[in-house]
Amino acid sequence: MTRFPSLAAVLAAVALSLAVVSGAALTLTDLGVANSTTGFESTVATSAAGNATLDTSDGVTVVVLGDAEHDRDVERAVVEALRANLVEADVAADLRSAYDGPVLVVVPTEWALGWTPVSGEATAAWRVVYVQSGDLTQFGESTAGAGDFTTERLVERLSSGDVDTVALDGRTNFVVTGEFALTDATSGLLSLPYYDRHVVEAAAGATVDALLGV
């Protein structure tokens, strides 16, 4: 005699299949209906010579240090946030001592996300250096003007926040440095890509708002 599975067993199997599919969707698809509480702390300093002020009319080159996936996401989000504020922006192909125009370097120092389909928590911290002349040489030298620039020293100093002393001259006459921290708590129905994007865009928005507000 052929035995057929009971209706309850069939429904249980269907429910399990839907749960698996839904779980996969929430890790792959950018979707969410959620409420977020996002907090920021920041310290921003401006060094200017003479009457120099912020001037992004020639566009801004964006560099985000780091090789993690979220570093590239932050890079794209900062460019998009600048463009949304009518500032032309592009990503640098590499890190070097000088660029043709203004450069904004972002250095993520902490990036931690916790996620479930109904909640997310995040903490993040990052540093920024904006040099209007595009010349980062002094930050990659042992002392300004020493002539011993290396990209390794530049990364080390920017990552440690060792940029308090800024040498200004006729060319490098406007520099902005800053440190940022973010905390976030989100609840609702949210996928992992949705929450990742939420945190990335919050960090990028805070960075651009601080720069354009100096």
Side-chain angles (χ1 to χ4, degrees), residues 38-66 71 74-75 77-79 81-89 91-92 95-111 123-146 148-184 199-214:
T38 308
F40 297 97
E41 293 183 2
S42 63
T43 302
V44 178
T46 300
S47 300
N51 296 320
T53 58
L54 181 72
D55 182 1
T56 59
S57 58
D58 290 334
V60 177
T61 296
V62 176
V63 183
V64 176
L65 301 185
D71 296 325
V74 170
E75 199 167 54
V78 169
V79 167
L82 285 166
R83 290 175 177 173
N85 283 275
L86 304 181
V87 177
E88 184 55 45
V91 173
L95 179 64
R96 54 185 186 270
S97 61
Y99 298 84
D100 294 334
V103 60
L104 173 64
V105 184
V106 181
V107 189
T109 56
E110 179 184 0
W111 199 269
T123 57
W126 64 100
R127 298 186 176 96
V128 303
V129 177
Y130 168 85
V131 181
Q132 195 147 279
S133 68
D135 191 348
L136 296 169
T137 303
Q138 64 176 296
F139 300 114
E141 297 178 323
S142 56
T143 57
D148 55 356
F149 174 90
T150 66
T151 54
E152 291 78 12
R153 186 180 289 113
L154 175 62
V155 170
E156 180 181 351
R157 288 191 62 191
L158 295 182
S159 298
S160 66
D162 182 18
V163 292
D164 292 336
T165 302
V166 177
L168 301 175
D169 54 33
R171 181 165 182 262
T172 299
N173 60 2
F174 192 84
V175 176
V176 179
T177 59
E179 294 192 23
F180 297 79
L182 170 154
T183 58
D184 180 85
V199 176
V200 164
E201 290 181 352
T207 301
V208 170
D209 287 348
L211 173 64
L212 299 183
V214 297

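Position 1 is the first residue of the sequence; numbering continues from there.
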Other residues, nucleotides, ligands: >12 heavy atoms within 6.0 Å of D100 CG: no

Value rounded to 0.5 Å, distance of CZ in R96 from OG1 in T151: 12.0 Å

Expected output: side-chain D55 to main-chain Q132 donor-acceptor under 3.5 Å: no

Any residue meeting ring pair (Phe, Tyr, Trp, His ring centres under 6.0 Å) with F149, in chain and number order, not counting sequence neighbours: none

Test item: T56 side-chain N/O and V87 main-chain N/O as donor-acceptor pair under 3.5 Å: no

Note, T123 side chain near L182 side chain (heavy atom, < 4.5 Å): no

Spacing of CD belonging to Q138 relative to CZ belonging to R157, to within rounding of 0.5 Å: 7.5 Å

Salt bridge (charged side-chain N to carboxylate O under 4.0 Å, His left out) partners for D209, two or more places apart: none

Side chain to side chain contact (heavy atoms under 4.5 Å, CB included) assessment of V155 paired with L95: CA-CA 9 Å; V155 170; L95 179 64; 3.5 Å; yes

Nearest non-hydrogen partners of V78 and L104, listed with the distance: CG1-CD2, 3.9 Å

Residue pair D135, S133: steps toward the side chain to side chain donor-acceptor pair (under 3.5 Å) verdict: CA-CA 5 Å; D135 191 348; S133 68; 5.3 Å; no

CZ-CG distance between F139 and L158, expressed to the nearest 0.5 angstrom: 7.5 Å

Gap between atom OH of Y99 and atom OG1 of T61 - 0.5 Å precision: 7.5 Å

P102 side chain near Y130 side chain, heavy-atom distance below 4.5 Å: yes

Test item: R83 side-chain N/O and A89 main-chain N/O as donor-acceptor pair under 3.5 Å: yes

L211 vs L54, side chain to side chain contact (heavy atoms under 4.5 Å, CB included): CA-CA, chis, key distance, verdict: CA-CA 9 Å; L211 173 64; L54 181 72; 4.1 Å; yes

S160 and D162 side chains, donor-acceptor separation under 3.5 Å: no

Spacing of CG belonging to L82 relative to CG belonging to L212, to within rounding of 0.5 Å: 6.0 Å

Candidate pair S42 and E179, rule side chain to side chain donor-acceptor pair (under 3.5 Å), full reasoning: CA-CA 5 Å; S42 63; E179 294 192 23; over 6 Å; no

Single hit among L136, V105, V166, N173 for side-chain contact (heavy atoms from CB on, under 4.5 Å) with V131: L136

Geometric class of the F40/W126 ring pair [parallel <30°, tilted 30-60°, perpendicular >60°]: perpendicular

For A49 against L168, the heavy-atom pair lying closest together: N-CD1, 3.7 Å

Chi angles and distances behind the side chain to side chain contact (heavy atoms under 4.5 Å, CB included) call for L65, D71: CA-CA 7 Å; L65 301 185; D71 296 325; over 6 Å; no

Over 12 non-hydrogen atoms of neighbours within 6.0 angstrom of CD in E88: yes

Gap separating the OG1 atom of T43 from the CZ atom of R127, nearest 0.5 angstrom: 11.0 Å

Candidate pair V128 and T177, rule side chain to side chain contact (heavy atoms under 4.5 Å, CB included), full reasoning: CA-CA 6 Å; V128 303; T177 59; over 6 Å; no

Exercise: identify the closest heavy-atom pair between W111 and A203: CH2-CB, 4.1 Å

